[in-house]
Amino acid sequence: EIRLSLVGSEMCIRDREGILKSKTKYIAIFYADGSTDPKDLVPMLNKIKYSDNQIIFGSRYEKNAGSYDDNFITRVGNFFFTFFGNIFFSLNISDILFTYIVAKKEAIDVLKLESDDYCLCVEIPLKAKKMNIKYSTHPCMERARIADKKKVKAFSDGLKILNYLIKNFLFKKEPYTKLQFNYYPIKVIKKEFFDFEIKIIPNLECEKLTRYTILLKNKKIKKNLFNG
């Protein structure tokens, strides 16, 4: 039995609150207006269970995918922002604004999401890319919504997203967190500092890792811990 927390509403702040309160191993951001099709949940989840993917992004712009809710303006806007993300951040995704996501809860937690608006849809893939969290996409058919009306404001929300992307491009940060240690190329920690060799440190709370310095709760441990 696989338990999956569904998180979703018309407001992104509710998505973040739902993620924080979820207790399951896997979570999904699922639209409350009915436009996300639940039949995609199992194949998206399988791409995590049977591979090393941590996050799966739904896409309306791949083969066997589409949308009954999109219009010309939102389609052009999505093409522009997806192109921007792929060129300047090497995201390699096909639909940056569709926040139909299935993921491991720990992978989303480590992103420390901050956006309370539509910037959330680009914050997730940008931070996942920066932290080397493995992700992929899955073709989805976005259904016509069965409740509520479209709340996104193409111009004002588009400007917010563009501003978020530009700020992240101009002021790049390289955060490393406890999940990151599973992917950072650590070789061997010198034995003279520890009683045994460590290649993965899953519970170490670090803000930044360099070759010679670990920042651990704002305290520098100035030792060369790594060979080579």
Side-chain angles (χ1 to χ4, degrees), residues 4-22 26-41 43-45 47-48 53-62 65-71 73-75 77-86 89 91-105 107-130 133 135-154 156-158 160-162 164-165 168:
L4 181 76
S5 293
L6 296 181
V7 178
S9 74
E10 75 283 1
M11 297 297 290
C12 293
I13 188 171
R14 300 299 181 192
D15 292 343
R16 288 204 303 114
E17 290 177 353
I19 290 169
L20 290 173
K21 293 178 180 179
S22 298
Y26 304 100
I27 64 168
I29 298 180
F30 192 84
Y31 293 5
D33 59 20
S35 59
T36 44
D37 195 332
K39 74 178 183 180
D40 293 312
L41 288 171
M44 291 171 78
L45 182 60
K47 286 188 175 182
I48 296 175
N53 290 312
Q54 304 283 309
I55 304 173
I56 301 298
F57 295 99
S59 174
R60 301 162 292 181
Y61 304 115
E62 295 183 2
S67 174
Y68 291 102
D69 190 64
D70 225 1
N71 57 43
I73 294 176
T74 56
R75 182 180 291 269
N78 188 75
F79 174 82
F80 169 76
F81 289 121
T82 300
F83 180 79
F84 191 107
N86 288 334
F89 297 96
L91 296 180
N92 193 29
I93 59 177
S94 53
D95 191 352
I96 198 172
L97 298 184
F98 191 41
T99 324
Y100 187 10
I101 294 172
V102 176
K104 286 187 176 180
K105 173 72 160 54
I108 297 296
D109 285 343
V110 82
L111 299 181
K112 299 187 184 299
L113 299 174
E114 299 173 344
S115 298
D116 293 332
D117 53 22
Y118 289 101
C119 291
L120 184 71
C121 59
V122 295
E123 181 184 1
I124 295 174
L126 257 62
K127 286 187 172 180
K129 178 67 176 182
K130 287 181 180 180
I133 295 174
Y135 60 83
S136 187
T137 62
H138 180 80
C140 296
M141 182 63 69
E142 184 181 28
R143 304 184 298 185
R145 61 184 64 212
I146 59 176
D148 211 353
K149 297 179 180 180
K150 190 184 291 288
K151 288 184 171 59
V152 62
K153 298 176 182 177
S156 59
D157 289 323
K160 289 180 182 178
I161 294 171
L162 180 61
Y164 184 91
L165 290 169
N168 274 267

Taking every non-hydrogen atom, the tightest pair across Glu114 and Glu123: N-OE2, 2.8 Å

So, does Asp37 use its side chain to make a donor-acceptor pair with the main chain of Asp40 at under 3.5 Å? no

Ser115 to Tyr164 - nearest heavy-atom pair and separation: OG-CE1, 4.1 Å

Might you point out which heavy atoms bring Lys160 and Asp117 nearest each other, and give the distance in Å? CD-OD2, 3.9 Å

Do Arg143 and Ser67 have side chains that approach each other closer than 4.5 Å (heavy atoms only, starting at C-beta)? no

Side chain of Asp33, backbone of Arg145: donor and acceptor closer than 3.5 Å? no

Quick one: does Ser59's side chain have a donor or acceptor within less than 3.5 Å of a partner on Pro139's backbone? no

Measuring only between side-chain heavy atoms, which start at C-beta, is Tyr26 closer than 4.5 Å to Lys105? no

Can you measure from CZ (Phe57) to CD1 (Ile124) and round to the nearest 0.5 angstrom? 6.5 Å

One should read off an interatomic distance between Lys130 NZ and Leu126 CG, to the nearest 0.5 angstrom, of 6.0 Å

Measuring from Ile161:CD1 to Tyr118:OH, what's the distance to the nearest 0.5 Å? 9.0 Å

Where do Ile146 and Gly34 come nearest, in terms of heavy atoms and distance? CG1-CA, 3.9 Å

Do other residues, nucleotides or ligands put more than 12 heavy atoms under 6.0 Å from the CG atom of Asn92? no

Closest non-hydrogen contact found for Glu62 with Ser94 is OE2-OG, 2.8 Å

Whether the side chain of Asp95 engages the backbone of Arg60 through a donor-acceptor N/O pair (distance < 3.5 Å, no angle test) should be reported. yes

Rounded to the nearest 0.5 Å, what separates atom CD1 in Ile101 from atom CD1 in Ile27? 8.5 Å

Is there a side-chain contact between Phe89 and Leu165 (heavy atoms, below 4.5 Å)? yes

Hey, are the side chains of Thr36 and Leu41 touching, using non-hydrogen atoms and a 4.5 Å cut-off? no

State the CZ-CG distance between Phe98 and Asp69, to the nearest 0.5 angstrom. 9.0 Å

Return yes if some donor-acceptor pair links the side-chain N/O of Asn86 with the main-chain N/O of Thr82 below 3.5 Å, else return no. yes

Smallest heavy-atom separation, Ala128 atom then Leu111 atom, equals N-CD2, 3.7 Å

So do the side chains of Asp109 and Ile19 get within less than 4.5 Å of each other, counting heavy atoms only? yes

Hey, is the main chain of Ile55 close enough, under 3.5 Å, to the side chain of Asn53 for a donor-acceptor pair? no

For the backbone of Leu91 and the side chain of Tyr135, can you confirm whether one donor and one acceptor N or O come within less than 3.5 Å of each other? yes

Parallel, tilted or perpendicular for Tyr100 and Phe30, by the 30°/60° rule? perpendicular

Working to the nearest 0.5 Å, report the span between CD1 of Ile56 and NE2 of His138. 9.0 Å

Report, as yes or no, whether the 6.0 Å neighbourhood of atom CZ on Phe79 holds more than 12 heavy atoms from other residues, nucleotides or ligands. no

Looking only at atom types and distance, does a side-chain atom of Lys47 sit under 3.5 Å from a main-chain N or O of Thr137, one as donor and one as acceptor? yes

